[in-house]
2 protein chains.
Amino acid sequence: MQSQDLKKAGLKATLPRVKILNFLESSKVRHMSAEDVYKAMLESGDDVGLATIYRVLTQFESVGLVTRHHFEEGHSVFELNLGEHHDHIVCIKCGRIDEFYDATIEKRQREIAAKNGFEMTDHALCIYGVCPDCRDQK
Amino acid sequence: MQSQDLKKAGLKATLPRVKILNFLESSKVRHMSAEDVYKAMLESGDDVGLATIYRVLTQFESVGLVTRHHFEEGHSVFELNLGEHHDHIVCIKCGRIDEFYDATIEKRQREIAAKNGFEMTDHALCIYGVCPDCRDQK
DNA sequence: AACGTAATGAGAATTTTTCGCATCTTGAGT
DNA sequence: ACTCAAGATGCGAAAAATTCTCATTACGTT
C-alpha cells in the first residue's frame with residue numbers, strides 16, 4: 001500500500017502522490033521523464049497536472065524514493081528506487097537502458113573521493129554505446 | 001594559431017569560431033556553459049551571438065575539440081579537450097570541479113560494456129560530494 | 001576581385017522546468 | 001464524523017535552456 005510508504009518517507013499521502021508512486025511501481029518502463037509519466041498517466045485515466053508531476057518527482061527524489069538521472073537527452077529521467085544501487089549503460093541508437101553493478105568501480109570511486117579530500121555523497125556513471133540489437137541491424 | 005586547428009578539424013576558420021576557440025584556450029575556468037562563454041566573451045569585447053555560441057560548441061563537440069558534460073545543473077557544460085581523458089568530481093556546495101583518471105575504472109568499464117554486448121562509444125563518470133574547503137567551513 | 005556556399009546574428013519559437021496564486025485535501029484535534 | 005490550518009494541487013504564466021528561421025555577411029576557391 002503506497003500511502004504507508006509515503007508516510008514512512010515523511011510525505012502526506014495525497015491522491016496525486018499515491019497515484020504517481022503506484023504508477024511508477026506498476027510501470028514496466030523503469031526510466032521515464034516527467035513528461036513521460038504525465039502522458040502515460042493521462043492515458044490510463046489518472047489525470048495529474050504536469051507541474052505536480054515535477055513537484056512530486058522532485059520530492060520523491062529528496063526523500064530517496066526515486067533517483068534522477070541526467071543522461072544525454074536534455075531532460076531529467078526518473079527511476080524508482082528498488083534498493084540496490086546500480087549504474088547504467090545506454091544505447092545511443094535506440095535508447096535502451098541496461099543496468100549493472102560493479103563492486104570494483106564502486107570501491108575505486110570511494111577511494112578517489114577520499115584521496116581528493118571529498119566527502120562523497122553520490123555518483124553517476126553512465127556508459128554509452130551501441131547495444132547488441134542495433135549492432136546487428138547495421 | 002587557432003585557425004589551423006579549426007581547419008585541421010574540418011571546420012571553416014570563421015571569426016566567431018576562432019574567437020571562441022581562442023577564448024576557451026585562454027580561459028582559466030575549464031568548465032563553462034554556453035551562457036558562461038557568451039557573457040565572458042561579451043565582457044572581453046568579443047561579441048558573438050548566443051545562438052552561434054551554441055552552434056559552434058556543438059560543432060566543436062562533434063569534431064572532438066570539446067566535451068559536453070551533463071552534471072546536475074540542468075544545462076550543458078563544455079570543456080576544451082586537452083588530450084587526456086579524465087572524469088570529474090564535483091562539489092555540491094561550491095561547484096568546484098576536480099578531475100581524475102583511474103585506469104582500473106576505465107578498464108572495468110570496457111569489460112562491462114563488452115560483457116553486455118555493447119560497443120562502447122563513450123562514458124561519463126561523475127562523483128558528487130563536499131570538497132575539503134566546504135567541509136571545513138561547516 | 002568575384003562567386004557560391006556556408007556561417008552568423010537577431011529574434012522568434014520550442015522545450016523543459018519552475019512559479020504564483022486561488023482552490024481544494026489531508027490529517028490532527030474535537 | 002466535523003472543523004480547521006497547513007500544506008498540496010491545478011492551471012496558466014514565467015523562466016531557463018536550446019534550437020530554428022531567414023535575411024545578411026564572411027570564407028576560401030577560382
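Quick note on labels: first sequence line is chain A, next is B, and so on, each numbered from 1.
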What is the distance, rounded to the nearest whole Å, between atom CG of Asp46(B) and atom P of dT8(C)?
14 Å
Hey, is Glu111(A) close enough to Lys107(A) for a salt bridge, meaning N to O under 4.0 Å?
yes
NA contact type, Ala13(A), heavy-atom cut-off 4.0 Å: base, sugar-phosphate, or nothing?
sugar-phosphate
Do the rings of Phe71(B) and His31(B) sit parallel, tilted or perpendicular, given the 30° and 60° boundaries?
tilted
Between dA8(D) and Thr14(A), is there an OP1 or OP2 to side-chain N/O distance shorter than 4.0 Å?
no
Kindly point out which of dG7(D), dT17(C), dT8(C) is positioned nearest to the side chain of Lys12(A)?
dG7(D)
Does Ser3(A) use its side chain to pair, donor to acceptor, with the backbone of Ala13(A) at less than 3.5 Å?
no
Less than 4.0 Å between a side-chain N and a carboxylate O, is that true for Asp98(B) and Arg96(B)?
yes
Can you tell me which nucleotide in dG10(D), dT18(D), dA10(C) comes closest to the side chain of His75(B)?
dT18(D)
Quick check on contacts: within residues 17-27 of chain A, what sits under 4.0 Å from DNA chain C by heavy-atom distance?
none
Would you say Asp47(A)'s side chain and Leu42(A)'s backbone share a donor-acceptor pair under 3.5 angstrom?
no
Counting distance only, does the side-chain N/O of Thr52(B) pair as donor-acceptor with the main-chain N or O of Val48(B) below 3.5 Å?
no
For Ser76(A) and dT16(C), is the shortest distance between a side-chain N/O and OP1 or OP2 below 4.0 Å?
no
For dT18(D), take OP1 and OP2 only and decide whether either is under 4.0 Å from a side-chain N or O of Tyr54(B).
yes
Between the side chain of His70(A) and the main-chain N/O of Arg68(A), is any donor-acceptor distance below 3.5 Å?
no
Report for the helix from dA1(C)-dT30(D) to dT30(C)-dA1(D): angle between first-end and last-end helix axes, five pairs each, rounded to 10 degrees.
40°
